[in-house]
2 protein chains.
Amino acid sequence: MSRKDACFDSLVTRILAMDLQPGLDLDEASLASHYGLSRTPLREVLQRLSGAGYVTISENRGAKVASMDITVMRVFFQTAPMIYANVMQLAARCRTTAQLDRLKDAQRAFKSAGLEGEAQDMALANHRFHAITLEMADNPYLGAAMNRLLIDHTRLSQTFYRPSSADDAALVATAIEQHDAMIAAIEAREGALAIDLTLQHWDLSRDRMERFVRPDPLPVDVLSMKGRRHAF
Amino acid sequence: MSRKDACFDSLVTRILAMDLQPGLDLDEASLASHYGLSRTPLREVLQRLSGAGYVTISENRGAKVASMDITVMRVFFQTAPMIYANVMQLAARCRTTAQLDRLKDAQRAFKSAGLEGEAQDMALANHRFHAITLEMADNPYLGAAMNRLLIDHTRLSQTFYRPSSADDAALVATAIEQHDAMIAAIEAREGALAIDLTLQHWDLSRDRMERFVRPDPLPVDVLSMKGRRHAF
DNA sequence: ACGTGATTTTTTGTATACAAAGAAAATACA
DNA sequence: TGTATTTTCTTTGTATACAAAAAATCACGT
């Protein structure tokens with residue numbers, strides 16, 4: 001793997017893990033020296049990251065890590081269930097056994113991260129799980145949408161996870177069970193079941209994050225989504 | 001507008017218009033000199049085009065215009081109706097009057113292109129029309145998916161349009177009427193109607209292009225799948 | 001002290017030179 | 001003649017130098 005690709009992957013991971021916080025200014029020179037590249041290839045990496053939605057670039061003002069405000073969350077909740085569900089259905093239809101094995105591996109990692117209780121590890125493991133289902137679906141159009149959703153999902157879930165909360169611990173346990181059920185549905189190629197499980201799993205994630213947002217005075221619109229959560 | 005952005009837009013248009021054919025090798029040096037840039041910024045343009053799905057880049061082998069094979073079409077038909085319909089619903093919900101005016105302008109251009117009968121002009125005008133609805137929807141996740149769909153939609157419609165066919169001329173007339181109806185639905189903020197019209201409009205496009213086996217489309221309303229475990 | 005404007009510094013954008021990989025052509029050999 | 005191998009050429013990838021824009025600093029006047 002080229003140094004450039006390694007740099008790309010590293011930045012992706014660091015952004016997903018919020019090691020690089022939303023809105024952070026990315027300095028070309030220091031990043032280049034950090035990854036042992038000159039500015040030319042590093043800038044190309046930033047362009048690619050921009051195209052994939054990890055960073056935003058503005059003329060003469062450099063690159064920033066993609067921001068995450070309350071507006072983003074509203075649209076995110078609006079869109080995620082539909083895309084996730086359709087991807088999961090396709091995954092059940094198209095998956096190979098090799099991909100299924102990798103999904104089971106990812107689930108094992110998710111479980112152990114869940115036991116540890118580290119928000120970052122759990123979020124990244126969850127990301128990897130869904131990224132594999134996306135690969136199974138083998139649909140570049142939905143892939144483009146879901147990769148962007150996964151960026152925000154991964155970061156939001158870390159933002160709204162409280163390690164001390166017994167409530168959250170229970171939610172994690174449920175998430176693990178649902179992942180297992182999804183794997184079974186995908187293995188059995190039961191697309192409709194996979195959709196149903198995904199919507200449930202998604203509701204779980206949303207509940208966890210929405211409870212945080214609800215008391216916030218600014219996002220009044222989030223409340224109006226109650227009762228028509230995924231009105232598609 | 002910077003020379004770099006102009007180059008980007010020009011390449012986008014030329015790829016959509018199939019002035020640059022799918023699979024065509026893009027030579028950095030000649031493109032750079034053509035657009036009056038050096039290779040450094042031109043390569044960054046190519047990276048951005050790659051991120052947006054217009055070209056594919058492979059290590060040490062340069063950039064090619066994104067290809068369009070049978071496999072692509074199959075997945076395209078599978079995905080497009082759902083995404084288009086959801087985008088149109090959001091457009092009806094979120095559009096501003098300024099955007100609506102621009103949509104009407106685009107529709108005027110589409111009409112005159114339809115009278116001319118030039119496949120390229122029609123395809124580009126249709127692209128602009130739907131790109132404006134996408135802007136109205138204001139949803140970056142669906143935007144990422146639909147922009148990719150639009151690339152292939154625009155190119156496929158040119159590929160399968162026969163100017164001599166009276167059949168195709170009739171389809172164009174119907175498409176124009178449907179665009180008008182969509183504008184009315186968006187103006188009245190009737191999301192459900194907008195969905196319905198979009199599915200009809202999309203079926204029209206698909207009928208025109210339909211020369212190949214296609215799978216069942218994905219369900220537009222994912223919620224209706226809940227509980228129907230063995231429906232599919 | 002506070003803003004305002006000029007100057008310095010930093011950072012981004014571009015061009016060019018060179019290195020490395022790949023493709024094409026020419027040569028050698030069976 | 002056909003194939004393998006070497007050589008040449010073309011094209012891509014990277015580093016560095018310089019230009020241009022933005023940000024930060026300083027100086028000045030009120």
Side-chain angles (χ1 to χ4, degrees), chain A residues 1-16 18-69 140 151, chain B residues 1-16 18-69 140 151:
Chain A
M1 187 196 231
S2 72
R3 231 166 15 171
K4 214 165 141 183
D5 289 343
C7 169
F8 182 91
D9 290 350
S10 167
L11 286 172
V12 164
T13 304
R14 289 172 69 185
I15 289 170
L16 289 176
M18 303 219 294
D19 178 31
L20 302 173
Q21 294 179 2
L24 182 73
D25 243 318
L26 296 174
D27 181 62
E28 295 177 2
S30 48
L31 280 178
S33 76
H34 180 269
Y35 286 106
L37 295 166
S38 71
R39 278 181 54 228
T40 307
L42 182 106
R43 280 173 60 88
E44 294 187 354
V45 167
L46 289 177
Q47 301 282 342
R48 279 163 55 193
L49 289 170
S50 161
Y54 294 94
V55 310
T56 57
I57 296 177
S58 44
E59 191 104 347
N60 289 321
R61 211 154 298 179
K64 284 184 192 299
V65 176
S67 62
M68 250 197 340
D69 52 19
I151 296 170
Chain B
M1 185 197 236
S2 73
R3 234 165 14 169
K4 215 165 140 183
D5 289 343
C7 169
F8 182 91
D9 290 350
S10 167
L11 286 172
V12 164
T13 304
R14 289 172 70 186
I15 289 169
L16 289 175
M18 302 220 293
D19 178 30
L20 302 173
Q21 295 179 2
L24 182 73
D25 242 317
L26 296 173
D27 182 63
E28 295 177 1
S30 47
L31 280 179
S33 75
H34 180 269
Y35 286 106
L37 296 165
S38 72
R39 278 180 54 228
T40 306
L42 183 105
R43 280 173 60 88
E44 293 188 353
V45 167
L46 289 178
Q47 301 281 343
R48 279 164 54 192
L49 288 170
S50 162
Y54 294 95
V55 310
T56 57
I57 296 178
S58 43
E59 191 107 344
N60 289 321
R61 211 156 297 180
K64 284 183 192 299
V65 176
S67 63
M68 255 199 332
D69 53 18
I151 296 171

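Just so it is clear, the values below take in all heavy atoms, side chains as well, and ignore hydrogens, waters and symmetry mates. Chain A is the first sequence line, chain B the second, and so forth, proteins listed ahead of strands; every chain is numbered from 1.
For A/D5 against A/R48, the heavy-atom pair with the smallest separation is OD1-NH2, 3.4 Å. Residues B/V65 and B/Q21 come closest through the heavy atom pair CB-O, 3.3 Å. Closest of all the heavy-atom pairs between A/I57 and A/L46 is CD1-O, 3.6 Å. Nearest heavy-atom pair, A/L20 versus A/L11, reported as atom, atom and distance to 0.1 Å: CD1-CD2, 3.8 Å.
The CG-C1' distance, from B/L42 to D/dT12, rounds to 12 Å in whole Å. Computed from coordinates, the B/N60 CG to C/dG22 C1' distance equals 8 Å when rounded to whole Å. Taking atom CD of residue A/Q47 and atom P of nucleotide D/dG13, one finds them 15 Å apart after rounding to whole Å.
Within residues 24-35 of chain A, the residues approached by DNA chain C to less than 4.0 Å at the level of any non-hydrogen atom are A/L26, A/D27, A/E28, in residue-number order.
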Starting from the C-alpha separation in whole Å, work towards a yes-or-no answer on side-chain contact (heavy atoms from CB on, under 4.5 Å) for A/D9 and A/M1. CA-CA 11 Å; A/D9 290 350; A/M1 187 196 231; 2.7 Å; yes
Between B/V45 and B/K4, is a side-chain contact (heavy atoms from CB on, under 4.5 Å) present by the stated rule, with each step listed? CA-CA 7 Å; B/V45 167; B/K4 215 165 140 183; 3.7 Å; yes
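In this structure a side-chain-to-backbone donor-acceptor pair under 3.5 Å is present from B/R3 to B/G36.
With rounding to the nearest 0.5 Å, the separation of CG in B/L49 from SG in B/C7 is 7.5 Å.
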For every nucleotide of nucleotides 14-19 of chain D, 5' to 3': is a protein heavy atom under 4.0 Å from its base (B), only from its sugar-phosphate (S), or from neither (-)? BBB---
